[in-house]
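Numbers for residues simply follow the sequence, beginning at 1. Counting starts at 1 for both ligands and their atoms, in listed order. Note that the structure is a prediction, hence the values are computed from the model and not measured. Computed over heavy atoms, backbone and side chain alike; hydrogens, waters and symmetry mates excluded.
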Amino acid sequence: MTPFDTVLVADWSAARRAPAKPSKDAIWLGITRHGVSLDPVYCRSRLEAEAWITDLIREETGAGRRLLATFDFPFGYPAGFARHVTGSDDPFALWDWFADHITDAPDGSNNRFEVAEKLNALFDGPGPFWGKLHKDQWPGVPYRKEGIRFDRIAEKRACDSVARAASSCFQLAFPPTVGGQVMMGLPMLSRLRRVQGVRVWPFEDWTEAPVVLAEIWPGLIEPAVKAAMADLGPGAIRDREQVRLLAQALAHLPAADLHAAMTDLPDEAREEAWILAAEHRDTLTTLTRHPPSPLRNDCFALPPGVHWTPVAEALDLLRARLAPVTKAETVGLADALGRISAAAVNAARANPPLPNTAVDGYGFAGGRDAGAHQMPLVHGRAAAGDAPGAVPDGHAIRVLTGAALPEGVDTVILQEDVVVDNGTVRFSGPVKSGANTRRAGEDRKIGDPVLAKGDRIGPAELALLAATGVGAVQVRRPLRVGVLSTGDELVQVGDQASAGQIYDANRPMLLGLITQFGHQPVDLGAVADDRAALRARLDGAARTVDVVLTSGGASAGDEDHVSALLEEAGAMALWRIAIKPGRPLALGMWDGMPVFGLPGNPVAAMVCTLIFARPALGLLAGSGWSEPQGFTVPAGFAKNKKAGRREYLRARIQDGRAEVFASEGSGRISGLAWAEGLVELAEPALKIAPGDPVTFVPYGSFGI
Ligand code: AMP
Ligand code: MG
């Protein structure tokens, strides 16, 4: 069986149009592509979801990827139902019957209860459909199940008992219910199955189909969903996590298990359909928690037939396929600087914990109108850290910035605005009630989010964590990035260089970049253009680092051993990216470890590291995808740029304009040092005159 490249899990819904803000009770779509989970997609209505899925089918088949599209509602009814309604055992006849009878508006209003009444009328006695939103509506649909005899048609399908699914497709209300979803889902399936390349499991021959539609039931992984919700805390949306986990588990289900799940089926499945992997609930549940390796061997494969990949497309591919590879650990705040949060963190204490004064002054209760006021002062004062006593009504107390407000005080007047004499304080109003005070929890309340998963912890985050009483955080282990130079011509600084040799400039540069990106650099030295030596070095690296950056030998020439070796390992893709400077990038997997084969040329090596390796390393490290921030500035240069590729020029800002380095020669390392950033020129042909707007990306935007 050809494996599936992409898995979709759709959490269908019979409800009306959902709110714009992602919430439950809408449609959530979970997608895993090449083993990597994408952000679940939120659809407010069935029509929106159907359009999205249709586009996905076209996109995946267009790119030559095989798609398994699963839906969380029964694809069929219990045996005998289809014949009774349509006169045929063919489940597709029933799909088309529903497509003909169901109406569904963009606002989600639909006629499912009217259609249920029509179906019930075809059967003797009450039912089989039951359950409704309003007791007094739809007289043809009983409110409760009592009295319905499921003798001719069973209440549940054979697979519902195997999977221990709680609900029957005849139940139209009261959770857990699936009946409405089936009625609102089958018309959509009836349309989708007519899209080019689509086959339905298990009703027709799906074995080599580019797109297979199948039924799934999220209840199979319920323990994993529960655990994830507990981990993620109160803000998480259950349906969203459910589709994400299920898509991930299905994508990682071993090929043999998936094959067995799709082929070993009882006869009932031909009419009633079946829940995919109903017999593999434990395996699926485990896979949601421990995906074997987050990266697949073919994770760098390019769509066939592409010769020069645009930069944006190359970045999209990296973004879609890479996932965090580092494990989590818990560290105290003292060790947390620069680390990446592995889980969301909520405030353990409110900030501020008590209402307090924002200024030095005098506190009392209630505001004061315009006019002159005088109040007796109580003895003593409240300073920061004091435990507040009580202040009688009509009295005032001296308060110092940060002091918790004593009982009976909710307003503070600035000391500059009062006259104190003889144990009283005098001032003129108005003073607004609550003036110059901070409310308890006005910054963060207990339980408010203070850190998101993937945030890098900087000095400001440390302050927030400390203020909200968080002493330890779960962080990712640092990403270990190996740096390896290749080439017979290289000597190391400090050694004697003979004619024809050059000093290894890339290694110190790349190690420096890794350090500044916040990862852990690992110096793997340099190797000659010798395949055996390179192989040994990569083998060693695979045991000690998470990812390797090599430079040199990445093209397709005789001495390009990095690409040759990765090719040999069967896990290499030579990315010809439409970028200048830059030669092909050799991206591959070596024993489960991603390898970025950078060009040897130092200028190209640095630019490719900033543009491609930096965001990719961020994903591997668990900090998510990041894009450098560029600024539009007037050009301080003129240039005629050819069409077809994106160009990066070494640049710096002089008198508010972007100057570029005198030579675009890619061996000119001095230009890298001269520059303070890069000017980015888009793919089309450009004629730039001084003063024209260009995009300048400072080195700082790349984190260096
Ligand atoms: P290659 O990609 O191996 O064909 O190398 C392209 C150019 O980059 C050649 O001129 C190499 O000598 C040069 N080069 C390769 N590696 C390094 C390095 N580590 N430091 C400086 N130059 C290098
Ligand atoms: Mg070389």
Next item on the list: Scan L585, T550, N506 and name whichever one has a side chain to side chain contact (heavy atoms under 4.5 Å, CB included) with L598.
Entry: L585
Next item on the list: Enumerate the atoms of ligand 1 whose separation from the nearest heavy atom of Y503 is less than 4.0 angstrom.
Entry: 20 (N), 21 (C)
Next item on the list: Output the list of atoms in ligand 1 that are nearer than 4.0 Å to some heavy atom of I502, sorted by atom number.
Entry: 12 (O), 21 (C), 22 (N), 23 (C)
Note to self: Heavy atoms only, cut-off 4.0 Å: how does A605 contact ligand 1, side chain, backbone, both, or neither?
What the structure shows: neither
Checklist line | For E489, atoms of ligand 1 separated by under 4.0 Å from a heavy atom | finding: 11 (C), 12 (O), 15 (C)
Margin query: Go through it in stages, so that I can follow the logic: the residues are K639 and L649, the test is side-chain contact (heavy atoms from CB on, under 4.5 Å), and I'd like the CA-CA distance, side-chain angles, deciding distance and then a yes or no.
Written below: CA-CA 11 Å; K639 180 178 163 70; L649 309 179; 3.9 Å; yes
Item checked: Enumerated ligand 1 atoms positioned under 4.0 Å from heavy atoms of N601 -> 6 (C), 7 (C), 8 (O)
Next item on the list: Give yes or no for whether the N/O distance cutoff of 3.5 Å, strictly under, is met between A505 and ligand 1.
Entry: yes
Check: Within the structure, does G600 bring an N/O atom to less than 3.5 angstrom of an N/O atom in ligand 1?
Finding: yes
Next item on the list: Under 4.0 Å from a heavy atom of G553: give me the atoms of ligand 1 that qualify, with their elements.
Entry: 1 (P), 2 (O), 3 (O)
Next item on the list: Quick one: list whatever passes salt bridge (Lys or Arg N to Asp or Glu O under 4.0 Å) with R646, sequence neighbours left out.
Entry: E680, E683
Check: Can you list the atoms of ligand 1 that are under 4.0 Å from a heavy atom of P602?
Finding: 21 (C), 22 (N)
Check: Just how far is it from atom CZ of F596 to atom CH2 of W575, taken to the nearest 0.5 Å?
Finding: 7.5 Å
Notebook entry, point to check: Within a radius of less than 6.0 Å around CG of N640, do more than 12 heavy atoms belonging to other residues, nucleotides or ligands occur?
Noted result: yes
Item checked: Over 12 non-hydrogen atoms of neighbours within 6.0 angstrom of CD in E208 -> yes
Notebook entry, point to check: Taking the six-membered ring of F702 as reference, does the NZ or CZ atom of R614 fall below 6.0 Å from its centre and within a 45° cone about the axis?
Noted result: no
Check: Does some non-hydrogen atom of S555 fall short of 4.0 Å from ligand 1?
Finding: no
Next item on the list: Can you measure from CE (M606) to CD1 (I669) and round to the nearest 0.5 angstrom?
Entry: 11.0 Å
Notebook entry, point to check: Does G487 have a heavy atom less than 4.0 Å from any atom of ligand 1?
Noted result: no
